[in-house]
Amino acid sequence: MTTVLLTGFEPFAGDTSNPSGDAVRMVEKRWTGDERLVVEVLPVAFEESAARLRHLIDEHHPDVVIATGLAGGRAQVTPERVAINLADARIPDNDGAQPVDLPVVEGGPTAYFATLPVKAIAAALSDAGIPAAVSHSAGTFVCNHVMFTALDAAEPHVRAGFVHVPSARESAPEGVASLPFDDIVRAVELTVRTALDVRDDLASPAGTLH
Ligand code: PCA
């Protein structure tokens with residue numbers, strides 16, 4: 001049976017909720033697919049999140065790994081194209097760790113490209129009326145760390161990657177870009193479905209000029 005590992009994150013930076021963790025729990029509740037869906041909410045902590053993810057991959061041998069997290073201030077759902085081998089934390093993580101200019105994986109490659117069909121995912125979301133775009137930077141905090149770890153840990157046939165979601169409208173502060181929570185849930189569901197159904201990514205341009 002096909003297994004999908006889907007993760008979100010706990011709240012961080014003083015927030016009381018994180019739409020990514022809430023959304024993956026909702027996707028788990030609503031899941032009707034034939035595939036086995038394993039859902040986990042990861043701590044926003046460099047060491048612990050990577051250790052938990054590696055353990056989950058070892059335990060469940062997923063065919064698809066999709067990690068999600070919050071990108072506060074972004075207005076679109078953004079499948080990430082690349083994870084870099086760099087941790088440079090502007091704020092401490094939830095365990096108080098603040099690595100600066102350290103590799104995610106000592107001796108690892110400089111970067112990994114997502115092995116999810118990121119363009120097809122962005123297109124599927126846009127078709128469903130959800131603002132979406134491919135992103136070329138997952139940052140240098142815990143989300144990038146988890147994406148890099150997923151691509152480093154997964155066996156070669158596994159399709160893995162990361163999707164950043166905006167703040168949820170219901171809990172976003174005034175003036176911060178956001179999406180209704182239900183759209184975030186639908187976006188995560190559609191991402192899982194597209195990752196399962198689409199083998200070859202679209203060849204349409206999705207890059208940026210700067
Ligand atoms: N967003 C942070 C870490 C956890 C989360 O949801 C990030 O983008 O790195």
Side-chain angles (χ1 to χ4, degrees), residues 4-33 37-53 55-56 65-80 83 87-99 116 121-122 125 128-133 135 137-150 160-195:
V4 180
L5 173 61
L6 176 67
T7 71
F9 277 108
E10 291 174 347
F12 69 109
D15 288 351
T16 52
S17 61
N18 185 325
S20 67
D22 296 343
V24 297
R25 286 291 176 218
M26 190 59 83
V27 170
E28 181 177 35
K29 217 185 268 183
R30 295 194 335 198
W31 185 249
T32 54
L37 182 69
V38 177
V39 172
E40 181 88 357
V41 176
L42 297 172
V44 183
F46 283 92
E47 251 189 73
E48 179 66 17
S49 61
R52 289 260 288 272
L53 190 69
H55 180 81
L56 286 162
V65 180
I66 300 170
T68 69
L70 166 67
R74 278 195 196 166
Q76 295 168 308
V77 177
T78 46
E80 298 290 350
D88 186 359
R90 203 161 42 78
I91 57 169
D93 70 15
N94 286 356
D95 282 347
Q98 190 169 3
L116 297 178
I121 290 168
L125 300 184
I130 300 167
S135 160
S137 174
T140 57
F141 194 51
V142 180
C143 288
N144 174 73
H145 197 79
V146 156
M147 180 177 173
F148 191 94
T149 301
F162 194 97
V163 177
H164 264 121
V165 301
S167 297
R169 178 122 341 136
E170 293 80 352
S171 52
E174 250 327 278
V176 170
S178 63
L179 278 183
F181 179 63
D182 190 58
D183 282 355
I184 294 174
V185 176
R186 285 198 304 128
V188 175
E189 280 173 339
L190 266 171
T191 297
V192 174
R193 191 33 62 203
T194 307

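In this chain, residues are counted from 1 in sequence order.
Contact detail for I66 and A195: the closest heavy-atom pair is CD1-CB, 3.8 Å. Taking both residues in full, the closest heavy atoms of V188 and A23 are given as CG2-CB, 4.2 Å, listed atom of the first, atom of the second, then distance. Between P79 and I121, the closest heavy-atom pair is CG-CG2, 3.8 Å. Smallest separation of non-hydrogen atoms from V65 and A150: CG1-CB, 4.2 Å. For the residue pair C143 and A138, the shortest heavy atom distance occurs at CB-O, 4.4 Å. Between S167 and A177, the closest heavy-atom pair is CB-O, 3.7 Å.
Using a 4.5 Å heavy-atom cutoff, the side chains of P11 and T16 are not in contact. Residues V41 and R25 form a side-chain contact, since some pair of their non-hydrogen atoms from C-beta on lies under 4.5 Å apart. By the 4.5 Å heavy-atom criterion applied to side chains, V24 and E28 are not counted as neighbours. A heavy-atom distance below 4.5 Å is found between the side chains of D95 and E48. Taking 4.5 Å as the limit, every side-chain heavy atom of V38 sits out of range of all side-chain heavy atoms of L6. Taking 4.5 Å as the limit, some side-chain heavy atom of V77 sits within range of a side-chain heavy atom of V163. P43 is not listed as a side-chain neighbour of N94, based on a closest heavy-atom distance of 4.5 Å or more. Counting heavy atoms from C-beta on, the side chains of I91 and F141 come closer than 4.5 Å.
Of the possible donor and acceptor atoms, none in the side chain of D93 sits under 3.5 Å from a partner among the backbone N and O of A45. At distances below 3.5 Å, at least one donor-acceptor pair connects side-chain atoms of Q98 with backbone N or O atoms of A89.
The aromatic rings of H145 and F46 sit perpendicular, their planes meeting at an angle over 60°, well past the 30° parallel limit.
Once rounded to the nearest 0.5 Å, the distance linking CG of L53 with NE2 of H55 reads 11.0 Å. For the atom pair E80 CD and L116 CG, the distance stands at 11.0 Å (nearest 0.5 Å). Atom-to-atom distance recorded for F9:CZ and T68:OG1 is 8.0 Å, nearest 0.5 angstrom. Note that CZ of R169 is 9.0 Å distant from CD1 of I184, once rounded to the nearest 0.5 Å. Atom CG of D22 sits about 11.0 Å away from atom CD of E10, to the nearest 0.5 Å.
Residues T7 and E40 bring no donor and acceptor atom of their side chains to less than 3.5 Å of each other.
For the side-chain contact (heavy atoms from CB on, under 4.5 Å) criterion with Q76, the lone passing option out of P166, S135, P131 is P131.
With sequence neighbours excluded, no residue forms a salt bridge (charged side-chain N to carboxylate O under 4.0 Å, His left out) with E170.
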| query | Does the side chain to side chain contact (heavy atoms under 4.5 Å, CB included) test come out yes or no for L125 and T191, once each step is laid out? | reply | CA-CA 8 Å; L125 300 184; T191 297; 4.2 Å; yes
| request: Begin from the C-alpha positions of V27 and V185 and carry the test side chain to side chain contact (heavy atoms under 4.5 Å, CB included) through to its verdict. | output: CA-CA 6 Å; V27 170; V185 176; 4.0 Å; yes
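Screening residues 186-195 for salt bridge (charged side-chain N to carboxylate O under 4.0 Å, His left out) gives R30-E189, E35-R193, D183-R186, R193-D197 as the qualifying pairs, with residues at least two apart or on separate chains. The ring-ring contact (aromatic ring centres under 6.0 Å, His included) pairs that include a residue from residues 163-195 are F162-H164, where partners are two or more places apart or lie in different chains.
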